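Since we're looking at a predicted model, the values are computed, not measured. Chain identifiers are assigned alphabetically (A, B, ...) following the order of the sequence lines, protein sequences preceding nucleic acid strands; residue numbering begins at 1 within each chain.
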Amino acid sequence: MSPIDTKPLVTLQEQLAGLVSLKNQLPAWKKIRTVAGCDVSCRKHGKTGYAAIVVLSFPDLKYLARQTAVGPLEFPYIPGLLSFRELPLLLECWQNLEEKPDAVICDAQGFAHPRGMGLASHFGVATGAVTVGCAKTRLTGEFEQPDTERGSRSDLVLNNKKIGEVLRTQDGIKPLFISPGHRIDFRHASELILRVTSIFRLPEPIRAAHRLVNQLRMEHNDR
DNA sequence: GCGACAG
DNA sequence: ATCTTGTCGC
């Protein structure tokens, strides 16, 4: 087992972080037509990854298009280096999408990362898309529990700097960790998540992508 | 050295 | 993330 030299990857992340834009470039709400969700799944000890990007209409959230990719996950899961594991398959999905969505929501952190380079940000810089990081649990940063009502939020802070928001998407349920991926600001990132979340904890685009990758994995026959 | 640690 | 059974609460 040759251990992985993470040093150059960390350096690369630090350089890529300089390319991230936190200025909002999301179209006006009335002009947004599509929002996509992406996800990757794999078997417990398998190297095969199943990725998908699902595009939904906005604001009605109806299925419009999808693209999938299946292939080996060459890189292991290392906290802080998730994009090196999942990005390749997601980029394959992205390039095969005929019509690029107005925004992409990733099932991971964006700016809320030790070096401001979570998967959502890396995906954004690599594609030029407007992206948002939407994680179910915290990677880094400190926060106070937001109020119990849907829409309540609190700041996620790292080294006295805001890196994201802890957002309650339904009354009384565990909040999500939202952060800009690329070309969007904190306020619009959380607002977009709320607008594409119906009656469940997770945004519909993420749910759609999650269902698809799991279906893909179950239909696949190897391990 | 110890604890934390997206998916 | 995945695996995995029952179980607690509304």
Check whether any side-chain nitrogen or oxygen of [X] sits under 4.0 Å from OP1 or OP2 of [N], and answer yes or no.
{"X": "A/R217", "N": "C/dT2", "result": "yes"}
{"X": "A/T137", "N": "B/dG7", "result": "yes"}
{"X": "A/N214", "N": "C/dT2", "result": "yes"}
{"X": "A/K136", "N": "B/dG7", "result": "yes"}
{"X": "A/K44", "N": "C/dT4", "result": "no"}
{"X": "A/R43", "N": "B/dG7", "result": "no"}

Atom pair distance, as rounded to whole Å: [atom1] in [X] and [atom2] in [N]:
{"X": "A/L202", "N": "B/dA6", "atom1": "CG", "atom2": "P", "value": "16 Å"}
{"X": "A/F84", "N": "C/dA1", "atom1": "CZ", "atom2": "C1'", "value": "19 Å"}
{"X": "A/L82", "N": "C/dA1", "atom1": "CG", "atom2": "C1'", "value": "9 Å"}
{"X": "A/D107", "N": "C/dA1", "atom1": "CG", "atom2": "C1'", "value": "9 Å"}
{"X": "A/F177", "N": "B/dA4", "atom1": "CZ", "atom2": "C1'", "value": "14 Å"}
{"X": "A/M218", "N": "C/dC3", "atom1": "CE", "atom2": "C1'", "value": "14 Å"}
{"X": "A/L216", "N": "C/dA1", "atom1": "CG", "atom2": "P", "value": "16 Å"}
{"X": "A/I78", "N": "C/dA1", "atom1": "CD1", "atom2": "C1'", "value": "15 Å"}

> Between the side chain of A/R153 and the main-chain N/O of A/V166, is any donor-acceptor distance below 3.5 Å?
Replying inline: no
What contact category does [X] fall into here, base, sugar-phosphate, or nothing, at under 4.0 angstrom with non-hydrogen atoms?
{"X": "A/A108", "value": "base"}
{"X": "A/G133", "value": "nothing"}
{"X": "A/L87", "value": "nothing"}

> Any ion pair linking A/R211 and A/D39 (charged N to carboxylate O, less than 4.0 Å)?
Replying inline: no
> Which heavy-atom pair separates A/W94 from A/K100 by the least distance, and what is that distance?
Replying inline: O-NZ, 2.5 Å
> Has A/Y77 got its ring stacked on the base of B/dG7, with centres under 5.5 Å and planes less than 30° apart?
Replying inline: yes
> Which of parallel (below 30°), tilted (30 to 60°) and perpendicular (above 60°) describes A/F84 and A/F75?
Replying inline: tilted
> Just one of A/E14, A/Q13, A/Q15 clears the side chain to side chain donor-acceptor pair (under 3.5 Å) bar with A/R115, so which one?
Replying inline: A/Q13
> Taking the side chain of A/R138 as its heavy atoms from C-beta onward, which of C/dT2, B/dG7, B/dC5 lies nearest to it?
Replying inline: B/dC5
> Side chain of A/H210: nearest nucleotide among C/dA1, B/dA6, B/dG7?
Replying inline: C/dA1
